[in-house]
Amino acid sequence: MLLLLLAACTTGSTDSADAPWYPEPVCHPDPAPWAPGTPIYTEPDGAWGFTDLGVVAQRFHVADFDGDGWPDVLARLSSGADDFNPGGKRINWLLRNTGAGSFEDVTQASGAFAVRDGADPNVGRWADVAAWSDIDNDGDVDLLTAKANPGDAGGDTTELLLNDGTGHFTFGPAESGVRTLGTGGGPSGLSFTDYDHDGNLDLWSPQFGNAESPVLQDRFLRGDGKGGFEDVTDAAGLDTGSWTTSHLNAGTAWSWGWGGTACDMNDDGFDELTASSYGRIPNALWQADGDGTFTNRSVDSGYAWDQNFDWSDNESARCYCKLYRDAEDCADIPEPAYTTCETDADVFRWEHSMGRELYQLGGNSGTATCADVNNDGFMDLVTGEIAHWDVGQSSDKAELLVNSGEPDVRFDRPGNDVTGLTREHPDYGWDEGHTHSMVLDVDNDGWPDIYWAALNYPDDGNRGRLYHQVAPARFEQVDVTDFFDHHGIEGAGQGDFDRDGDVDLLIGHGSETVRFAENQLGAATNFVEIEVVGGEGSNAGAVGARVRVTADGVTQTQEVEGGHGHYGSQLSRVLHFGLGGACTAEVNVRWPNAEQSEATLTVPAGYRVRILPGGTPEIVAD
């Protein structure tokens, strides 16, 4: 990899008209817009080595863990520990991008899943969720894997593995408070953020619980920049109440965490926190106060649930009311449409005293993806949900939540019929499991598109779906002939793995080999990739940095993230921007430090640009 340091600039701006610093743009001044009938994705023979390696995985974390400039992948099947013996079951795959169209398995050699004080080197460490970030601020990404119920499964705990800069890992401090994460329950998400802007990464972890402790307090840990963490959940104002009806309806109870996010939703430089909840329990949203504390805006923000509280089309509720017409609110409920309902056994998803409460009229929420979908400068949410035909319209569906742009975070829900994010289903008998989403610009037109993965339900309508943005927050579904058809997707990952200027996809499954979908549009479109480096006062990986790219009359906004989603997903620190017809772009970076320092510069199309503290640019080339 060649680094060209082309110019230095001071905080403020570097304008190409006054002091050109960059090489000639690699540009297509009038790219043809993508149109249906043009394939966006194809699958190369050999699938980049996934087939030969036998990689079966559901969740993907993208990071350049060996520092060679090529995006690597941590692919994970689910919870469990690796058996590295020949023929042993594999759970985690640390895959190094060779830069030559393939990945190689370096899991065992890297030490990333070694067992602390383990006697058998062929037995890997148990992990339920994972996240990358430069935790010790030394310039490379470290790995955190969280374990539910430390002491089970051979005594493994949550562990921090520190990178030596070449992709080899050793254990972090044995006394770190992060090792207690999961005690008595189960982490369902890991998101790094710097909530107090002290330059050290902190950790947000929603909790799902288990049979012994079904409901748990979500946890927030403050980092010291050396691998040590302490629990500051209560001090940060993140404590919640028990599962009482009043707490649940107010959105102030424990979540039933099925994932989480940390991103700045009101553009004040501080990340908000979310916990997506299973079991129709309200989703949680905590707004950063900017002083190290948070305010609960779960209900007020519109994230807790949608506004459809009409349970009268719930087939099981209709069964109940047919059998018990004198029950409260049952007199005018229609009879079931598809069920005979002769006995109480037919009332299989309804408990009448509880089912009519607000907190039971939400969703079963997985990944919430935080992204500026409509290019208005504010982060929206693309939700992930499980829904079933018999529960009716009160059950939340996966949809786009549009940020209103107010200082107190609030989202509008225009609905899938308005946005075009619809899914077709038969009248009855269907299940929908679009629990994981990705926001990515598949055609480099400067407008983000949406891909939803789908769980392994048998309904033919429950498949992965790609939607192309055709107007702000308006989408058209892409036919599978123009990308790929896949059912039973447990998760997906994205990145410019071949570094040709477009976003490729990894498609996961619980029992089939990972599929690699290679984007075909980069050679004829315009892009820029931005890598932000943290400096004094901000974390070295620049987690939380906000990057605005203006080109072709559009301003796009992205944030460097530190992990998100349902049991873990992660995007590359290198941010990809399509530029439409533009050959240059104005880039503004805001660092996550106490001063919230900014720099603005003009960059050429067709390159990866590394932006150092103060705004000094580097072109990163092979």
Side-chain angles (χ1 to χ4, degrees), residues 38-63 70-78 89-98 100-105 107 366-367 369 384 433-440 442-443 449-468 477-500 502-522 565-572 576:
T38 302
I40 302 173
Y41 288 101
T42 62
E43 296 185 75
D45 292 340
W48 274 53
F50 287 101
T51 302
D52 290 342
L53 291 172
V55 180
V56 176
Q58 299 164 296
R59 302 178 180 104
F60 301 94
H61 312 255
V62 179
W70 291 87
D72 309 305
V73 176
L74 170 59
R76 302 176 48 249
L77 179 58
S78 60
K89 184 175 178 60
R90 293 291 303 279
I91 303 296
N92 304 290
W93 300 80
L94 189 57
L95 301 169
R96 178 182 174 273
N97 189 337
T98 66
S102 65
F103 289 97
E104 61 177 346
D105 179 16
T107 315
T367 293
T369 300
H434 291 106
T435 56
H436 182 80
S437 61
M438 296 190 297
V439 176
L440 66 167
V442 298
D443 59 345
D449 310 301
I450 293 175
Y451 180 77
W452 261 303
L455 295 179
N456 194 24
Y457 289 121
D459 172 32
D460 189 59
N462 189 71
R463 58 174 173 80
R465 295 170 186 265
L466 178 63
Y467 299 85
H468 181 241
Q477 190 168 174
V478 178
D479 191 86
V480 293
T481 58
D482 287 339
F483 64 113
F484 49 85
D485 191 10
H486 192 70
H487 295 252
I489 307 169
E490 301 289 340
Q494 67 187 71
D496 186 4
F497 297 108
D498 52 8
R499 292 190 57 180
D500 66 347
D502 51 33
V503 183
D504 310 306
L505 296 180
L506 299 173
I507 309 302
H509 195 282
S511 59
E512 297 178 6
T513 303
V514 169
R515 297 172 67 178
F516 184 90
E518 187 174 317
N519 194 312
Q520 300 299 305
L521 303 182
H566 174 55
Y567 284 90
S569 178
Q570 196 151 5
L571 306 176
S572 172
H576 182 96

Gap separating the CD atom of E490 from the OG1 atom of T435, nearest 0.5 angstrom: 7.0 Å
Output yes when a side-chain donor or acceptor of H566 lies under 3.5 Å from a complementary backbone atom of H436, and no otherwise. no
I40/H468 under side chain to side chain contact (heavy atoms under 4.5 Å, CB included): CA gap, chis, key distance, verdict: CA-CA 11 Å; I40 302 173; H468 181 241; over 6 Å; no
Anything under 30° is parallel, anything over 60° is perpendicular, the rest tilted; go ahead and classify W452 against H434. tilted
Restricting to non-hydrogen atoms, name the atom on S437 and the atom on T369 that form the minimum distance, rounded to 0.1 Å. OG-OG1, 2.7 Å
Correct closest heavy-atom pair for I507 and A492 would be CD1-CB, 4.2 Å
For S572, all residues meeting side-chain hydrogen bond (donor to acceptor under 3.5 Å, both in side chains), sequence neighbours excluded: none
Strictly distance-based, threshold 3.5 Å: is any side-chain N or O of N519 a donor or acceptor partner for the main-chain N or O of D502? no
Return the CD1 to OH distance between I489 and Y451, rounded to the nearest 0.5 Å. 3.0 Å
Check whether any side-chain N or O of T98 sits under 3.5 Å from a backbone N or O of A100 as a donor-acceptor pair, and report yes or no. yes
Student check: side-chain heavy atoms of H486 and H509 closer than 4.5 Å: yes
If you look at every heavy atom in A57 and A75, which pair is closest and at what distance? CB-CB, 3.6 Å
side-chain hydrogen bond (donor to acceptor under 3.5 Å, both in side chains) involving R465 - partner list, sequence neighbours excluded: E424, Q477
Chi angles and distances behind the side chain to side chain contact (heavy atoms under 4.5 Å, CB included) call for F497, V73: CA-CA 9 Å; F497 297 108; V73 176; 3.6 Å; yes
Distance in Å, F484 CZ paired with F516 CZ, rounded so as to fall on 0.5 Å steps: 11.0 Å
Donor-acceptor contact below 3.5 Å, side chain N462 vs main chain A454: no
Shortest non-hydrogen contact from S569 toward H61: N-CE1, 3.7 Å
Which residues pass the side-chain contact (heavy atoms from CB on, under 4.5 Å) test with Q494, not counting sequence neighbours? M438, L440, V503, L505, L571
Can you list the residues that meet the side-chain hydrogen bond (donor to acceptor under 3.5 Å, both in side chains) rule with E43, with sequence neighbours excluded? R515
D105 meets the side-chain hydrogen bond (donor to acceptor under 3.5 Å, both in side chains) criterion, sequence neighbours left out, with R90, T107
Could you list the donor-acceptor pairs under 3.5 angstrom formed by side chains in residues 45-54, with sequence neighbours left out?
none

Atom pair CG/CG of D449 and L466 - distance to nearest 0.5 Å: 6.5 Å
Give, for atom CG of L95 and atom CG of D72, the distance between the pair rounded to the nearest 0.5 Å. 8.5 Å
Do T38 and D443 have side chains that get closer than 4.5 Å, going by heavy atoms? no
Say whether Q520 and T42, considering side chains only, have a donor N or O and an acceptor N or O under 3.5 Å apart. yes
Please find the pair of heavy atoms, one from V62 and one from P71, that lie closest to each other, and give the distance. CG1-CB, 3.9 Å
Separation between CZ (R59) and CZ (R76), nearest 0.5 Å, reads 6.0 Å
